[in-house]
Amino acid sequence: MQKIYIKDLSQHVGQEVTLSGWLFNKRSGGKIKFLVLRDGSGYLQCVYFKGNVSEDVFNLADRIGQESSIEVTGKVKVEPRAPGGFELDAVNLHLISEAHDYPITPKDHGIEFLMDNRHLWLRSSKQVAIMKIRHRIVKAIRDFFDERGFTLMDPPILTPAVCEGTSTLFETEYFDLGKAYLTQSGQLYAEAGAMALGKVYTFGPTFRAEKSKTRRHLTEFWMVEPEVAFNDLNADMDLAEEFLEYIVQTILKEKQEELKVLERDTSILEKVVRPFPRISYDQAVEILKKNGVDFQYGNDLGATDETIISNQYDRPVMVHRYPTAVKAFYMKRDPENPDLALAVDVLAPEGCGEIIGGSQREDNYELLLERIKEHNLPQEAFEWYLDLRRFGSVPHAGFGLGLERTVGWICGLDHVRETIPFPRMIYRNTP
RNA sequence: UCCGCGAUAGCUCAAUGGUGGAGCAUUCGGCUGUUAACCGAAGGGUUGCAAGUUCGAGUCUUGCUCGCGGAGCCA
């Protein structure tokens, strides 16, 4: 028999079909049982009338517990009273594996309990919706760059130490070569790729051993990092803007059902269209001062500062030209004011904070070497990176987008821990 | 790392320093249209760990452990 999934039931109205899945919920009358089946593609209410099935089947329907795996057979009918609009008039029930005392009941649970049971929590309808949206965002990201002539280029996960200090890097032994570290970013490798292929993007997991305990931080998260030869900061911002619009509009178009499960207010997402406001760091500081924040010029924007700024707008806001002191060594200085870096952060609305950080890169050999020395970085570790400026250096720019923060924003979640199947955080690395 | 809050039944929570309860879940019974179904009954406890105050501690004090919220940190 052909395998049928719940999402395709509209094509089988009036037919007798068999579906397999798990018992999601059960309600019963004396001679009627409502078994809600889930199969990963949807939910289906199956009705067992005492007179329509054998006594064994009816007793089985009465007995099995939540999350028992089953195979149901019956006739598909349109039924406005059933969730989803379709119902199965069941004639048979086959038990695959019986379950009892499933810990996650259809009532409220605390976050600690749910996180301890993350492997089971993933079966809940909201978690299923989040995972489907995450998947679609990943596809939208790849489609966007693939359709625009970018080449996906995977950077290494294991890297030598190249950043300032090792306190935020996860460390591991690497044969006779000493220590290796889990990557924090594929950017420097993406720059090498851009010099080879013009337009590249990296997309993979990155790791930060920061002792951050906030709703926006994971120790292991996914980042997509495009890098484009001959782009300047403005072109970088154009790309970021088009990219975010594409992702949000794609999800709005294709994932309405999941957004509804998540009770997401989509009117906010509908406003995410170009152009996004672009303000300089100096203008951002003015906004903070107008809102009564005692902000020290030259500092980086804190979480609450970002919220105040993004609340001024109904769509993502791009803040550019930060003081060089708070930004990375490889960012190019603004030729009109060497105290500023040609950097941009994109802040998502609704207090979600930074989801993109990018910059035009320093392409001058001498200036880059100077910055490496200023930051007390080991020059020998950067010789390969300096080579990119020795041999055919060009202006180039790129950015990094945090996948989990983006998923959290689009899904309207208040914590990134639900945006990845098995989150890794400072105080949790199980299950 | 800092500030704040918390830990009581499988889960979510209640309990004036004086006999530890409820809802859900589980088990049993009832119900032919339920929508987190409903109705009736039963079982279920080393109140996170250790010490202290007290005639008496789930409740007050101290320490520890674990977690949660926030901050800092965060190319």
Side-chain angles (χ1 to χ4, degrees), chain A residues 24-36 43 45-53 58 62-63 65-67 79-85 87 89 99-117 120-121 124-125 162-165 167-169 183-188 190-191 206-219 221 223 225 299-307 322 324-331 341 343-345 351 353-354 356-359 361-362 371-372 375 377 398-400 402 405 414-415 417 425-428:
Chain A
F24 187 69
N25 195 10
K26 187 169 68 172
R27 296 176 286 271
S28 69
K31 294 185 175 111
I32 184 169
K33 309 281 174 204
F34 299 96
L35 271 54
V36 179
Y43 301 85
Q45 175 165 285
C46 308
V47 185
Y48 286 83
F49 277 111
K50 193 159 193 170
N52 294 1
V53 295
F58 193 76
D62 186 48
R63 188 186 81 209
Q66 191 185 352
E67 291 301 315
E79 174 53 74
R81 286 176 293 185
E87 189 174 82
D89 206 354
H100 286 284
D101 299 313
Y102 184 70
I104 303 180
T105 59
K107 289 275 180 181
D108 292 337
H109 299 283
I111 189 65
E112 185 183 358
F113 177 77
L114 290 171
M115 291 301 288
D116 285 343
N117 289 285
L120 302 175
W121 188 22
S124 304
S125 52
V162 290
C163 293
E164 48 269 62
S167 62
T168 63
L169 291 165
T183 183
Q184 288 193 311
S185 161
Q187 186 209 304
L188 303 189
E191 287 185 53
T206 54
F207 306 86
R208 307 258 169 120
E210 296 154 9
K211 296 199 168 174
S212 302
K213 189 182 140 22
T214 80
R215 68 180 77 174
R216 288 190 294 276
H217 285 86
L218 298 168
T219 57
F221 64 99
M223 191 151 66
E225 295 174 282
N299 285 355
D300 204 355
L301 303 176
T304 48
D305 304 324
E306 289 181 350
T307 301
Y322 286 72
T324 52
V326 300
K327 287 294 178 185
F329 77 94
Y330 53 73
M331 293 183 178
V344 59
D345 281 356
E354 179 187 344
I356 282 181
S359 70
R361 322 304 188 187
E362 181 53 71
R371 301 309 307 278
I372 288 171
H375 282 75
L377 298 170
F399 60 82
R405 287 182 182 181
D414 60 9
H415 202 299
R417 64 189 158 208
M425 294 176 292
I426 177 166
Y427 294 124
R428 179 179 292 278

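Per chain, numbering begins at 1; letters A, B, ... match sequence-line order.
For the residue pair A:Arg81 and A:Gln45, no side-chain donor N or O sits within less than 3.5 Å of a side-chain acceptor on the partner. Counted by atom type alone, A:Thr105 and A:Gln66 present zero donor-acceptor pairs between their side chains at under 3.5 Å.
In this structure, A:Met425 places its CE atom 12 Å from P of B:G70, rounding to the nearest Å. Distance, A:Glu306 CD to B:A71 P: 11 Å, rounded to whole Å. Atom pair A:Glu210:CD and B:C74:P shows a separation of 7 Å (rounding to whole Å applied). We find that NZ of A:Lys213 is positioned 15 Å from P of B:G4, with the value rounded to whole Å. Rounded to an integer number of Å, the gap from A:Met115 CE to B:G69 C1' is 15 Å. Put simply, CG on A:Asp300 is 8 Å from P on B:C73, counting in whole angstrom units. Distance CG (A:Asp345) to C1' (B:C74): 12 Å, rounded to an integer number of Å. Atom P of nucleotide B:C74 and atom CG of A:Asn299 are separated by 12 Å, given to the nearest angstrom.
Contact of A:His217 with B:C74 (side chain to base): a donor-acceptor pair of N or O atoms is detected under 3.5 Å.
Between the A:Thr206 side chain and the A:Phe221 main chain, a donor and an acceptor come within less than 3.5 Å of each other. Using modelled atom types, one side-chain atom of A:Arg405 and one backbone atom of A:Glu354 make a donor-acceptor pair closer than 3.5 Å. Side chain of A:Glu67 to backbone of A:Leu120: no donor-acceptor contact under 3.5 angstrom is found.
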Per-nucleotide protein contact along nucleotides 20-33 of chain B, 5' to 3', at a 4.0 Å heavy-atom cut-off (B base, S sugar-phosphate only, - neither), is ----SSSS---BBB
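Annotation: B:G4 and B:A22 have their C1' atoms spaced 30 Å apart (nearest Å). For B:G56 and B:G18, the C1' atoms lie 7 Å apart once the distance is rounded to whole Å. Straight-line distance between the P atoms of B:A57 and B:C39: roughly 39 Å, to the nearest whole Å. Rounded to whole Å, the separation between the C1' atoms of B:C31 and B:C38 comes to 9 Å. A gap of 23 Å separates the C1' atoms of B:G23 and B:U19, to the nearest Å. Spacing of P atoms, B:G48 relative to B:A14, comes out at 14 Å, to the nearest Å. Atom name C1', nucleotides B:U47 and B:U8: the rounded distance is 4 Å, in whole Å. When the C1' atom is used for both B:U59 and B:U16, the distance is 10 Å, rounded to whole Å.
Residues A:Arg208 and A:Thr168 have side chains not in contact (no heavy-atom distance under 4.5 Å, counting atoms from C-beta outward).
Nucleotides of RNA chain B nearest to A:Ile426 and A:Tyr330 differ in position, and the one nearer the 5' end is that of A:Ile426. Residue order along RNA chain B, read from the 5' end via each residue's closest nucleotide, puts A:Arg417 first among A:Lys211 and A:Arg417.
As the counterpart of B:G72, no nucleotide is assigned, since no Watson-Crick or G-U wobble pattern has both distances under 3.5 Å. A 3.5 Å limit on both hydrogen-bonding distances identifies no Watson-Crick or G-U partner for B:U53. Across all strands shown, B:C28 forms a Watson-Crick or G-U wobble pair with B:G40, both key distances being under 3.5 Å. Across the strands present, B:U12 finds its partner in B:A22; the criterion is a Watson-Crick or G-U wobble pair with both atom distances under 3.5 angstrom. Look at B:U65: its Watson-Crick or wobble partner, with both distances under 3.5 angstrom, is B:A7.
Between A:Asp62 and A:Lys26 there is no salt bridge, since no side-chain N of the basic residue sits under 4.0 Å from a carboxylate O of the acidic one.
Set against B:C74, B:A71, B:U12, the side chain of A:Phe113 has B:U12 as its closest nucleotide. In this structure, of B:C68, B:C11, B:C73, it is B:C68 that holds the atom nearest to the side chain of A:Ile111.
Heavy atoms of A:Thr214 sit under 4.0 angstrom from at least one base atom. A:Pro103 comes within contact range of no nucleotide atom at all, as no heavy-atom separation falls under 4.0 Å.
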Test side-chain contact (heavy atoms from CB on, under 4.5 Å) applied to A:Met425 and A:Met115, step by step: CA-CA 11 Å; A:Met425 294 176 292; A:Met115 291 301 288; 3.6 Å; yes
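Residues A:Leu35 and A:Tyr48 approach most closely at CD2-CE1, 3.9 Å, considering heavy atoms.
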